[in-house]
Amino acid sequence: QPQLVESGGGLVQPGGSLRLSCAAAGRTISSYIMGWFRLAPGKEREFVARIGLSGVTTYYSDTVKGRFTVSRDSAKNMVYLQMNNLKPEDTAVYYCAASNGIIPSTNPASFGSWGQGTQVTVSS
């Protein structure tokens with residue numbers, strides 16, 4: 001399993017944008033489905049987005065669809081999450097995760113490798 005490290009979180013005003021990055025080390029991510037999840041205080045871990053092996057197939061939760069974009073650069077072993085039009089309810093710790101499962105899933109249990117998370121706070 002690759003080791004994952006997220007970066008790019010911070011404090012942003014409502015309506016603003018952030019780009020999260022996930023750097024993978026130790027193993028190429030080219031054979032992994034990559035996902036983003038988030039965890040807000042008092043809530044369960046929530047699926048945000050995932051991207052397939054080729055980078056063409058993406059899938060988003062209804063709460064972020066149209067505002068967030070997931071992408072990957074397998075040559076650089078990187079995954080990104082572009083977040084636009086951020087809302088206070090997007091405030092959470094965001095995690096990058098890797099899955100070597102055959103069937104794409106939104107279930108955190110399907111992802112075997114996780115980063116340490118990066119905090120995103122949306123507030124005026």
Side-chain angles (χ1 to χ4, degrees):
Q1 298 280 1
Q3 289 83 49
L4 305 174
V5 178
E6 303 92 338
S7 61
L11 174 64
V12 63
Q13 292 186 342
S17 298
L18 280 175
R19 187 193 194 205
L20 304 184
S21 298
C22 173
R27 193 163 185 144
T28 177
I29 61 168
S30 60
S31 59
Y32 290 84
I33 296 169
M34 300 300 296
W36 286 94
F37 292 78
R38 64 188 183 187
L39 182 62
K43 297 186 177 181
E44 294 185 352
R45 189 173 302 189
E46 176 189 13
F47 167 81
V48 174
R50 70 166 185 253
I51 186 165
L53 302 182
S54 66
V56 174
T57 304
T58 57
Y59 183 75
Y60 300 92
S61 70
D62 288 341
T63 56
V64 307
K65 192 179 301 180
R67 300 188 297 122
F68 291 12
T69 302
V70 60
S71 61
R72 66 191 296 163
D73 186 338
S74 292
K76 295 183 178 179
N77 239 19
M78 296 287 294
V79 182
Y80 306 98
L81 185 68
Q82 178 67 43
M83 306 185 295
N84 298 329
N85 191 22
L86 283 160
K87 305 175 181 181
E89 50 264 41
D90 294 318
T91 295
V93 177
Y94 283 72
Y95 298 88
C96 174
S99 171
N100 59 2
I102 297 175
I103 300 175
S105 172
T106 62
N107 188 339
S110 297
F111 292 77
S113 181
W114 293 80
Q116 84 291 345
T118 185
Q119 177 71 48
V120 172
T121 303
V122 185
S123 175
S124 55

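The two residues Ile29 and Ala24 come nearest to each other via the heavy atoms CG2-CB, 3.2 Å. The shortest heavy-atom contact between Ser110 and Ser105 is OG-OG, 3.2 Å.
The structure places CD of Gln119 at 9.5 Å from CG of Leu39, a figure rounded to the nearest 0.5 Å. To the nearest 0.5 Å, atoms CZ (Arg38) and OG1 (Thr118) are separated by 14.0 Å. Atom OG1 of Thr121 is separated from atom CG of Leu11 by 6.0 Å, given to the nearest 0.5 angstrom. Between the OG atom in Ser123 and the CG atom in Asp90 there is a gap of 12.5 Å [rounded to 0.5 Å]. Atoms CD and OG, on Gln3 and Ser113 in that order, are 6.5 Å from each other to the nearest 0.5 Å. For the atom pair Ile33 CD1 and Ser54 OG, the distance stands at 10.0 Å (nearest 0.5 Å).
Of the possible donor and acceptor atoms, none in the side chain of Glu6 sits under 3.5 Å from a partner among the backbone N and O of Cys22. Under a 3.5 Å cut-off, the side chain of Arg72 and the backbone N or O of Gly52 do form a donor-acceptor pair.
Looking at Leu4 and Met34, their side chains come closer than 4.5 Å, going by heavy atoms from C-beta outward. In this structure the side chain of Gln1 never reaches within 4.5 angstrom of the side chain of Arg27, judged on heavy atoms. Counting heavy atoms from C-beta outward, Trp36 and Ile51 have side chains that stay 4.5 Å or more apart. Between Pro2 and Tyr32, the closest side-chain pair of non-hydrogen atoms falls below 4.5 Å. Between Gln13 and Val122, the closest side-chain pair of non-hydrogen atoms is not below 4.5 Å.
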For residues 78-89, please give each side-chain donor-acceptor pair under 3.5 Å, one per line with the distance, not counting sequence neighbours.
residue : atom : partner : partner atom : Å
Gln82   : NE2  : Asn84   : OD1          : 2.9
Asn84   : OD1  : Ser17   : OG           : 2.9

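In the displayed structure, Arg67 atom CZ is contacted under 6.0 Å by more than 12 heavy atoms of other residues, nucleotides or ligands.
Between Phe37 and Trp114, the distance separating the two ring centers is shorter than 6.0 angstrom. Phe111 has its ring centre no less than 6.0 Å from the ring centre of Tyr95.
Clustering ILVMFWY residues whenever any of their side-chain heavy atoms sit less than 4.5 angstrom apart, transitively, puts Phe47 in the very cluster that holds Val93.
Residues Thr63 and Ser61 bring a donor and an acceptor atom of their side chains to less than 3.5 Å of each other. For the 3.5 Å distance criterion, the side chains of Tyr59 and Arg50 fail to qualify, holding no donor opposite an acceptor. Side-chain contact annotation: Ser30 with Ser74, donor-acceptor N/O pair under 3.5 Å absent.
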side-chain contact (heavy atoms from CB on, under 4.5 Å) between Phe68 and Val48, worked out: CA-CA 9 Å; Phe68 291 12; Val48 174; 3.7 Å; yes
